[in-house]
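In what follows, chains carry the letters A, B, and so on, assigned in the order in which the sequence lines appear, proteins first and then strands, with residues in each chain numbered from 1.
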2 protein chains.
Amino acid sequence: MDEQEFLAAYDPGDFPAVAVTVDVVALTIREGVLQVLLVERGEAPFAGRLALPGGFVGDETLDAAALRELAEETGLHPDAGASRRAGAADDPGTRNGALARVHLEQLKTYGDPGRDPRMRVVSVAYLAFAPSLPDPRPGGDAAGAAWLPVATAAETALAFDHGRILADGLERARAKLEYSPLATAFVGTEFTIAELRAVYAAVWGEDLHAGNFHRKVLSVPGFVESTGSTTARGGERGGPRAKLYRAGDARVLHPPLLRPASEDGVR
Amino acid sequence: MDEQEFLAAYDPGDFPAVAVTVDVVALTIREGVLQVLLVERGEAPFAGRLALPGGFVGDETLDAAALRELAEETGLHPDAGASRRAGAADDPGTRNGALARVHLEQLKTYGDPGRDPRMRVVSVAYLAFAPSLPDPRPGGDAAGAAWLPVATAAETALAFDHGRILADGLERARAKLEYSPLATAFVGTEFTIAELRAVYAAVWGEDLHAGNFHRKVLSVPGFVESTGSTTARGGERGGPRAKLYRAGDARVLHPPLLRPASEDGVR
DNA sequence: ACAATAGTGTCTCTTAGACACTATATG
DNA sequence: CATATAGTGTCTAAGAGACACTATTGT
């Protein structure tokens, strides 16, 4: 089958000139709004246009390449220069270790001929869910990287086919919240049910009934577990202190939290 | 960002030597058993081992490459040599046009360094659902291609990381039956509810309650629509003639058909 | 005091699934 | 007639969602 072709590939001249890159749809929630990490392209093609962070795959796994690109664009590092490791999840506020808590998963691969005008590029897109991260460090690889509300980004013409990749990533994110506990990836290690509800509201773009959401979340086995403690203060304009929870051990939600108004017209 | 790297890529010497292939997990149901299309490798590495059909991506979309590979390995063709087109869905029994009814979707991309001992190969895996197809034509590209029950294939050590790809494909197929009408891709254009139930039973590996399944399928809007006619004969050992249905226009099932015993332990 | 929010109680409606039953075909 | 299957009726338990209510805090 592919054996003959592989042998042929050993001849550098015959080898099809295909570049493999990763592009990352990194999502976070800042000030209650779902935002995506975008970089501004400095050169042609699409100079000045916004694009998803990404780059070539080196001698590494695809997952590692995506994590590396995310680290380079944000200025954050998975574990400080591969030297220390402990405490990574303990100081999510610092730059070092902050990436340890992001959820990263493969989204889809885009490889239409002509999607890059210069040459054949096959891009493996990734989807990242991150808790609120500091602003990207200007000294990073990217000329200018910034978080942008997804509504704004969707209206903007992005470089290459990144508009479609972003749309696919958003749809995946919305669907994943239904049957996976990944909403916890958007909040800190300890969170209130209201914070979790804010995540769902931001991603789905609609408010959820506070009481029913509360009961539902607690009824799903392994979604969250109580820490025993509560917030130090109530709401800004009053209200009781909320109990704190941490992510449970469930990998899927049984039963799922279904999106309201999953319009029958979606068909 | 990736601009400098792309410029560097123009120098053939600098270019990272990565090959891009597609591999297809093609599933069908024959004699009530879920089967997967496998080919036997003729040469090293993994000579004699079974592998998923696949090959290099040419100057075509990834989807087209997957469809082409599937066509080459099965001896079937989407529409006879790109000349005629009409009637493709009307004669599913013939070789020409039989591929027009297969559902093909991207599964995942596998690119670990070392997954191919010869060089860096990034493989975009596809998942195909097909109605019962004729045996692969021996004169095709593949040395030997054949349909094998997935249970058998899962016990066999496949070439490369194809065992994992197959496992991922099976899990995707099982999940997709829940919320998508893709079960209809495994049967003919006209089918009975019992045939549809047999698809679910084969893919999920467990029997379903006939009565409840019947009512459930008919209650999901757009899943199936009646043709008005019935089968010519009843069951082999008696029974009434069953009504015939065709696939409806729904793209997702609302509400979904949930797998029984989605063990809470899955977590 | 007032306003805002956390968390709970309760009711209704829908649905999954178990079970039973009839109707219709084949041998 | 015996038997197998298509299709329907009905009951129960569980969950989603609407609504209402209490409790607790900050201004």
- Note on the structure: Ranking B:His209 and B:Pro256 by the position along DNA chain C of their nearest nucleotide, the one closer to 5' is B:Pro256
- Message: Tell me which pairs pass ring-ring contact (aromatic ring centres under 6.0 Å, His included) where either residue lies in residues 195-215 of chain B, with sequence neighbours left out.
- Response: B:Tyr200-B:Trp204, B:Tyr200-B:Phe213
- Look at B:Asp168 together with B:Arg164 and state whether they make a salt bridge at an N to O cut-off of under 4.0 Å. yes
- Taking NZ, NE, NH1 and NH2 as the nitrogens, is one of them in A:Glu105 or A:Lys176 under 4.0 Å from a carboxylate oxygen of the other? yes
- Query: Between C:dA18, C:dG7, D:dC19, which nucleotide has the shortest distance from any of its atoms to the side chain of B:Asn212?
  - Reply: C:dA18
Rounded to whole Å, please give me the gap between [atom1] in [X] and [atom2] in [N].
X        : N      : atom1 : atom2 : result
A:Arg215 : D:dA20 : CZ    : C1'   : 11 Å
A:Leu257 : D:dG15 : CG    : P     : 13 Å
B:Asp207 : C:dG17 : CG    : P     : 15 Å
B:Ile193 : D:dG7  : CD1   : P     : 7 Å
B:Glu195 : D:dA6  : CD    : C1'   : 13 Å
B:Arg197 : D:dT5  : CZ    : P     : 9 Å
B:Lys243 : C:dA25 : NZ    : P     : 12 Å
B:His254 : C:dT14 : NE2   : C1'   : 16 Å

- How about A:Tyr110 and A:Asp23: does a side-chain donor come under 3.5 Å of a side-chain acceptor? no
Return the polar atom pairs (N/O with N/O) between nucleotides 23-27 of chain D and the protein under 3.5 Å, or none.
from	atom 1	to	atom 2	distance (Å)
D:dT24	O2	A:Pro240	N	3.2
D:dT25	O4'	A:Gly239	O	3.4
D:dT25	O2	A:Gly239	N	2.5
D:dG26	O4'	A:Gly238	N	3.4
D:dG26	O3'	A:Arg233	NH2	3.3
D:dG26	O3'	A:Glu236	O	3.3

- Below 4.0 angstrom from OP1 or OP2 of D:dA6, is there any side-chain N or O of B:His214? no
- Task: Describe the nucleic acid contact of B:Ala194 in one word from base, sugar-phosphate, nothing, applying a heavy-atom distance below 4.0 Å.
- Result: sugar-phosphate
- Item | Check: B:Glu178 side chain, B:Arg259 main-chain N or O, donor-acceptor pair, under 3.5 Å | yes
- Message: Test your reading of the model: is there a side-chain donor-acceptor pair from A:Arg101 to the backbone of A:Pro131, 3.5 Å cut-off?
- Response: no
Distance-only check: which donor-acceptor pairs under 3.5 Å involve side-chain atoms of residues 237-248 of chain B, not counting sequence neighbours?
from	atom 1	to	atom 2	distance (Å)
B:Arg241	NE	B:Ala232	O	3.0
B:Arg246	NH1	B:Glu225	OE2	3.1

